[in-house]
Amino acid sequence: GAGVSQTPSNKVTEKGKYVELRCDPISGHTALYWYRQSLGQGPEFLIYFQGTGAADDSGLPNDRFFAVRPEGSVSTLKIQRTERGDSAVYLCASSLILLGSTGELFFGEGSRLTVL
Amino acid sequence: GNSVTQMEGPVTLSEEAFLTINCTYTATGYPSLFWYVQYPGEGLQLLLKATKADDKGSNKGFEATYRKETTSFHLEKGSVQVSDSAVYFCALSDSEGAQKLVFGQGTRLTINP
């Protein structure tokens, strides 16, 4: 497709379960970002990839969160032992070149995670 | 650390009204400033930006001026339309080159016909 695609759009899980959220960026975009948006808040940075490597993972809240981008395109955000506080919308964004050059990120519609 | 504060919403206006959404920031150095918009059922998209003091960003009738002396980047539009109903986010990028945006909490705008 033309835009950033995220799946699933909605995920309901139970506390303690493992969750994977997938992001398919715009074709050719080398930079990929994950943000988390809690209810009533703005997006908060989690991690970004330049190519296959995680260039900055300083926003990941703890070691239950992990993200990969093995072939430099699709990325998966993985959350282990989910907690109720993990409930949020997880946003993926991509850009053709690094953020600092244009400031323009292309966002997907997000994956809404609910942990019961 | 860097932060962005937006006026609280929701904001409800009638069509053709004048709009201002306030945004102030705290940052070291000289960040770039942005307004992103999220229309219903869509992902966030860049509305406008300004990269240095006194720059004015503009798009779709919206404007915002980078005011370093007041650390502000208020969003304005002279005559809003129903189609402007959305959530608006002010954001800044770290001037030290970190590849991340810091967002405000968002302001929901509803325009009534």
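Chain letters run A, B, ... following the sequence lines, proteins first, then strands; residues in each count from 1.
Hydrophobic clustering places B:Met7 together with B:Tyr88 (ILVMFWY residues linked when any side-chain heavy atoms are closer than 4.5 Å, directly or through intermediates). In terms of hydrophobic clustering, with Ile, Leu, Val, Met, Phe, Trp and Tyr side chains grouped at heavy-atom distances under 4.5 Å, B:Leu13 and B:Val37 are assigned to a common cluster. Under the 4.5 Å side-chain heavy-atom criterion for ILVMFWY residues, a single connected hydrophobic cluster contains both B:Val11 and B:Leu75. Using a 4.5 Å cut-off between side-chain heavy atoms of Ile, Leu, Val, Met, Phe, Trp and Tyr, with links allowed through other members, B:Tyr39 and B:Leu19 fall into the same hydrophobic cluster. A:Leu60 is connected to A:Tyr90 through a chain of hydrophobic side-chain contacts under 4.5 Å among Ile, Leu, Val, Met, Phe, Trp and Tyr, so both are in one cluster.
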(Q) For a side chain to side chain contact (heavy atoms under 4.5 Å, CB included) check, start with the C-alpha distance between B:Leu101 and A:Tyr35, then their side-chain angles and the critical distance, and finish with the verdict. (A) CA-CA 10 Å; B:Leu101 290 175; A:Tyr35 283 77; 3.5 Å; yes

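Proximity to chain B (any heavy atom under 4.5 Å) is shown, for A:Ser38, by neither the backbone nor the side chain.
Judged as a salt bridge (charged side-chain N to carboxylate O under 4.0 Å, His left out), and not counting sequence neighbours, B:Glu8 has no contacts. Partners of B:Arg67 by salt bridge (charged side-chain N to carboxylate O under 4.0 Å, His left out), not counting sequence neighbours: none found.
Using a 4.5 Å heavy-atom cut-off against chain A, the contacting residues of residues 103-113 of chain B are B:Phe103, B:Gly104, B:Gln105. Listed by sequence position, A:Phe107, A:Gly108, A:Glu109 are the residues of residues 107-116 of chain A in contact with chain B, using a 4.5 angstrom heavy-atom cutoff.
Within a 6.0 Å radius of CD in A:Glu14, no more than 12 heavy atoms belonging to other residues, nucleotides or ligands are found. Around CD of A:Glu20, the count of heavy atoms belonging to other residues, nucleotides or ligands within 6.0 Å exceeds 12.
Atoms CD and CD, from B:Gln45 and A:Glu104 in turn, are 9.0 Å apart once rounded to the nearest 0.5 Å. The distance from the CG atom of A:Leu105 to the NZ atom of B:Lys100 is 13.0 Å, given to the nearest 0.5 Å.
Here the closest heavy-atom approach between residue A:Gln37 and residue B:Phe89 is recorded as NE2-CZ, 3.3 Å.
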